[in-house]
Amino acid sequence: MWEYTDKVKDHFLNPRNVGTLEDADGVGEVGSLACGDALTLYIKVDEDGKISDAKFQTFGCASAIASSSALTEMLIGKTVEEAEKITNKDIAEYLGGLPREKMHCSVMGQEALEQAIKNMRGEAPSKMEHSHEGELICECFGVFDEEILHAIKENDLKTVEDVTNFTKAGGGCGKCIPDLERLLAEAHGEGVCPTPSSKPAFPAQGMTNIQRMHLIESVIDNDVRPKLQADGGNIELVDIDRDAVVVRFLGMCSGCPSSQATLKNLVETALRAKVDPALTVREG
Amino acid sequence: MKTIYLDNNATTQVDPAVFEAMKPYFTELYGNPSSMHRFGGQVGVKLKEARASVANLLGCSPEEIIFTSCGSESDNTAIRSALSARPERRHIITTAVEHPAILSLCKYLEKKDGYEVTYLGTDERGRLDIEEYKAALRPDTAIVSIMWANNETGNIHPIEEMAKIAKEHDVFFHTDAVQAVGKVDIDLSRVPVDMLSLSGHKLHAPKGVGALFVRKRLPFRPFLIGGHQERSRRAGTENTTGIIALGKACELAREHMAEENTEVKRLRDKLEKGLLESIPDTKLNGDPEHRLPNTSNISFGYVEGEAILLMIDQVGIAASSGSACTSGSLEPSHVLRAMGVPFTFAHGSIRFSLSRFNTEEEIDFVIETLPPIIENLRKLSPFSAEKQAPACTKSFSE
C-alpha cells in the first residue's frame, strides 16, 4: 500500500471543486483512459485577471484525484500570472509530498494548468486534446520529448526511473529507454559529439597486435569477469590466435550447463562490440 | 471496524485448527527433525505425517513431496531442475498469464542464459488454445510450465490434457497449482504432470511454507544444496512448524473441498450477480464456466482500481486490483492485457477472492456498499460510456 500523507488522503476522500464549468474561460485536458489517468481542468477568470473559480474531473488513482483537487484550491484567488508559476513541485508540496512513483500525477496537474491558460488566451482550441510538437518518445503512454525535457529540467531528474516516475515515459514496454537516456544526457548538457568522419569501423581497427591483445584483455577484465563473478564464476584468457580468442571458465561457470550460451551471448558479444566484429570465442 | 476480507488469493487466514496444531512445535517440541535423539525424532514423525497429508490431498505418494519455503521456490526449483536435467534442450513453453514467479524467471533465463521461451496467449476470456500449445512444442523443448488456475481471474486451465500432450512429446510438464490446491480436486495418480507447486498460505496455513511434487523417477537436480534434508533434494533445516501447519491445512482442505465448491461458490456468485446487476458498465473478466469457485474479477468501467480499493478500504472491505497504480508499475495487469481487456475496463478491475470464512452478511454488505462508491468515483471522472467512442469496447466480448 502506498504511504500517503493525511492531506493526500483528505483531498482524495473529500475532493474539492469537482465538476465542470459551463462558462469556463479556459479548459485544459491531459492524459487518457489508455494512460490510466486523465484530468480536465476548468478555470474562470474575473475582470481583474484573477481566477475566480476552478473545477476538475479526474480519472485516476488517489494521487491523481488529490493533485487535481489541490491544484484547484491553489488556483482560486490567484492572478493568471501567479497561477502560471505553479509547478508540479508546488502541487506535491501543497499535499505534504507524494510517493516518488506518483509524481507524474502532479505533473499532470501542471500540464493541465498550462493547457487551460493557453486555451484561455486562444492559443489552443477549447476542449481539445493538447497537441504536441516534437518527437513521440514513449508510444505506450504517448509522451513527447518536450514534456520529458521539461520534467527533467523542472525537477532535476537524473535517472530513467526518475523520468518514468514523473512522466510515465518508459513505464510500458521499455523500448524508449535508450531515448530517455539520450534526453537525460541532452538536458544535462552531455549531448553526443558529432561523429568524426574518420571514426574507425570498429574499435580495434588500426591497432597493433599488442594494442589489440591489450584491448581484448581489458574487455574481459572490465566487462565480462565482473558479471561472471557476480554469479560465483570466473574466466581466464588462454590464447589469442588472429580472430580466435580462447578462454577457460572457472568457478561456477566451469561445467555450467549454460556455459555455451554465456560464451556466445556474453563473452563473444562483448568482444565483438568492443574490439572487432570478426572475433570468435571458444573454450580451450 | 470489522474487516471484510475478500483477498484470499493474496493470502488466507490461518485456520484456528492449523494454528493449534503448529503451536507446540514452537515452544515445547522444538527439536531438530534430523537429530538422532528422541526429542528431535518425534518432530521427524510429525513431518512424516504432514508429508502424507499433503500427498493425500494431491493423490501422490509421500516420497514425491519436497517441502520448500514458498510457491516461488517450488516454481524456480521445478524449472531449473528440468533445465539442468536436459541441458541440451534450450526451449521453454509457458503462458503470458503466469505468476511472476514463472514469468520473471523465464525472462531471466532468456536474457541471461539464452533460453528461448514461448509465451502462449489467451483469448478474451483468458482461455488457452490447445492447438497453439501443440504447435509450440519442439524437439528441444525442455519444460512446459502452465498454471493450474490463474490467480487474477481464477480461470482453470486444461492441465490434464496439456500434460498428456507434453508426455506424448517427451517433454517435462510443471504446473503452478498455488491457487488450485485446496479449491479443486487434484488427483496426480490420474493427471500426468511431472512437477506441481503449492503454497501453504493460500490454503489457510501460514506464510513461509510450500511444497513441490516431483514424480517418482523424474530426473531431479536440487536448487538448494547443503545438508541431506528432504532426501538431499532440498537442503536446509525444515520449517517444522510451517510444515506441520501445511499438513493440517491439507487435511482440512480435503474436508472442506465440497464446501468450497458449494457454499463459497454460492457466495461468490451472489456477490458477482449483485454487483454486475446493480452497477452499470461492469464486466466479468475470465471464463465464467471454468473458474475457481472463490474468485471473481470484475471491471468497473471509467474508474481507476486504486481509487476503488482505497474507497472500499474506508468501509472495511479488503480486495485486490489489477490496476497499474496499486502495483507500482504503470501498466495494468499483464493478465488482463493478455486477454485484450480494453483500457476502459482494465484500469478499473477489482479481484474479489473469498474463503470458507466469509459470511452471507459480509457479501450483502459489499453488494449494498459498492454501488454508491462507484457512482461517486464516476462523478469525478471525465469519462463515461456516453463519452467513449465505441471502438474502445469493440474487442471485448459480452
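Values reported hereafter were calculated over all heavy atoms of this structure, with side chains retained and with hydrogens, waters and symmetry mates removed. Proteins come first, then strands; the chains are lettered A, B, ... in the order of their sequence lines, and each starts at number 1.
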Let me know if [X] has heavy atoms under 4.5 Å from chain A in its side chain, its backbone, both or neither.
| X | answer |
| --- | --- |
| B:Arg378 | neither |
| B:Glu88 | neither |
| B:Asp313 | side chain |

Handout entry: Aromatic B:Phe223 / basic B:Arg234 pairing, under 6.0 angstrom, 45° off normal
Key =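 No, B:Arg234 does not sit over the ring of B:Phe223.
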Handout entry: Quiz item: cation-pi between B:Lys283 and B:Phe345, 6.0 Å / 45°
Key =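 Yes, B:Lys283 sits over the ring of B:Phe345.
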Handout entry: Pairs meeting criterion ring-ring contact (aromatic ring centres under 6.0 Å, His included) with involvement of residues 7-29 of chain A, two or more places apart
Key =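 Qualifying pairs, neighbours excluded: A:His11-A:Tyr94.
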Exercise for the section: Indicate the ring-plane relationship of B:Phe352 and B:Phe300, choosing parallel, tilted or perpendicular according to the 30° and 60° boundaries. Expected result: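 Rings of B:Phe352 and B:Phe300: perpendicular, as their planes differ by over 60°.
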Practice task
Against chain A, work out which of B:Lys379, B:Lys112, B:Met311, B:Arg90 has the most heavy-atom pairs shorter than 4.5 Å and name it.
Solution key: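 Ranked by heavy-atom pairs under 4.5 Å with chain A, first place is B:Met311.
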